[in-house]
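Worksheet: one structure, shown below.
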Amino acid sequence: MTAEKDLQQTAGATERALWKNEMSMEFDAVSLNESFARVAVAAFVAHLNPTLEEVADIKTAVSEAVTNAIIHGYDNVYGYSKHGDSQPAYLIIHPGKVWLRCCLEKDVLRIEVEDRGKGMDNVEQAMEPLYTTKPEYDRSGMGFAFMEAFMDELEVHSEPGRGTVVRMTKKLGTYPLIEEES
């Protein structure tokens, strides 16, 4: 390999590193980790200097996806009370993990939240606004509607007994700033 080709490949690797970044994490399917996940994704995009609205949209969508995985994927409702009760409904935590993966290419953020819990028979029905399988826990049934409203794209894949994967995409309004810095 010539020195010129070597330099071109190295330059390409440096350029890719500037424009693409990925992260992944795995955590227990307990409600305490929902806030951790939303803050982690906000920190992941912070270097792009997103607007407060963009950060709020991302945090809300991540919160909804992670909460769905915990509550609906694994039936972990610890800390949630039935309507009118002041005590948590369950003290049992069902074992399970949630996987959160993010990829940032230029100013396009892709988020994936996965569980290997119960899965869903009917994704279309689950995505209908106000539909919930846990109305006794004051679940509004708006999780997927919020994800759709706050993100540019939403895909949900689920298989009963195998779990659910939620994929979300959001283009941040920072691309012109990135080009100017180059």
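Keep in mind that what you see is a predicted model, and the values were worked out from it rather than measured.
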Mind listing the closest non-hydrogen atom pair of Gly117 and Asp115 along with its distance? N-OD1, 2.8 Å

For Cys102 and Leu109, the nearest pair of non-hydrogen atoms, with its separation, is CB-CD1, 4.3 Å

Does a side chain donor of either Ser63 or Glu34 reach within less than 3.5 Å of an acceptor in the other side chain? yes

Apply side chain to side chain contact (heavy atoms under 4.5 Å, CB included) to Val39 and list each qualifying residue two or more places apart in sequence or on a separate chain. none

Of all heavy-atom pairs linking Met168 and Ala61, the shortest is SD-CB, 3.7 Å

For Met147, which of Asn68, Thr60, Val62 qualifies under side-chain contact (heavy atoms from CB on, under 4.5 Å)? Asn68

Heavy-atom nearest pair, Arg110 first then Thr169, reads CG-OG1, 3.8 Å

Side-chain donor/acceptor of Asn122 to backbone N/O of Glu124, under 3.5 Å: yes

Can you confirm whether Lys20 sits close enough to Leu104 that some side-chain heavy atom of one is under 4.5 Å from a side-chain heavy atom of the other? no

Please give me the minimum heavy-atom distance between Glu54 and Gly173, naming the atom from each residue. OE2-N, 2.7 Å

Main-chain N/O of Lys171 paired with Asp152 side-chain donor or acceptor, under 3.5 Å: yes

Verify the cluster assignment for Ile111 and Val108: are they in a single hydrophobic cluster under the rule of side-chain heavy atoms below 4.5 Å apart? no

Mind running side-chain contact (heavy atoms from CB on, under 4.5 Å) on Lys97 and Glu114 for me, showing each step along the way? CA-CA 9 Å; Lys97 299 284 184 184; Glu114 178 182 357; over 6 Å; no

Taking a hydrophobic cluster as the set of Ile, Leu, Val, Met, Phe, Trp and Tyr residues connected by side-chain heavy atoms closer than 4.5 Å, whether directly or through intermediates, do Val113 and Met25 fall within one such cluster? yes

For a side-chain contact (heavy atoms from CB on, under 4.5 Å) check, start with the C-alpha distance between Asn33 and Val66, then their side-chain angles and the critical distance, and finish with the verdict. CA-CA 8 Å; Asn33 287 330; Val66 169; 5.8 Å; no

Can you find a heavy atom in the side chain of Thr67 that is under 4.5 Å from one in the side chain of His72? no

Are the side chain of Asn76 and the backbone of Ile70 linked by a donor-acceptor contact shorter than 3.5 Å? no

Where is the tightest heavy-atom contact between Leu48 and Asp107, given as atom of each residue plus distance? CD1-CA, 4.2 Å

Within 6.0 angstrom of Glu26 CD, more than 12 heavy atoms from elsewhere: yes

Going by heavy atoms in the side chains, are Glu112 and Trp99 under 4.5 Å from each other? no

What's the separation between atom CG in Leu32 and atom CZ in Phe27, rounded to the nearest 0.5 Å? 11.5 Å

Does the distance from a Lys or Arg side-chain N to an Asp or Glu carboxylate O, for Lys170 and Glu153, drop under 4.0 Å? no

Taking only distance into account, with no hydrogens and no angle test, what donor-acceptor pairs under 3.5 Å do side-chain atoms of residues 156-166 form with protein atoms, sequence neighbours excluded?
from: His157; atom 1: NE2; to: Glu155; atom 2: OE1; distance (Å): 3.0
from: His157; atom 1: NE2; to: Arg167; atom 2: NH1; distance (Å): 3.4
from: Ser158; atom 1: OG; to: Met120; atom 2: N; distance (Å): 2.7
from: Ser158; atom 1: OG; to: Gly163; atom 2: O; distance (Å): 3.2
from: Ser158; atom 1: OG; to: Thr164; atom 2: OG1; distance (Å): 2.7

I would like to know whether Ile58 and Leu172 meet side-chain contact (heavy atoms from CB on, under 4.5 Å); could you show each step before the answer? CA-CA 10 Å; Ile58 292 165; Leu172 304 170; 3.8 Å; yes

Check: Tyr74 side chain, Arg116 main-chain N or O, donor-acceptor pair, under 3.5 Å: yes

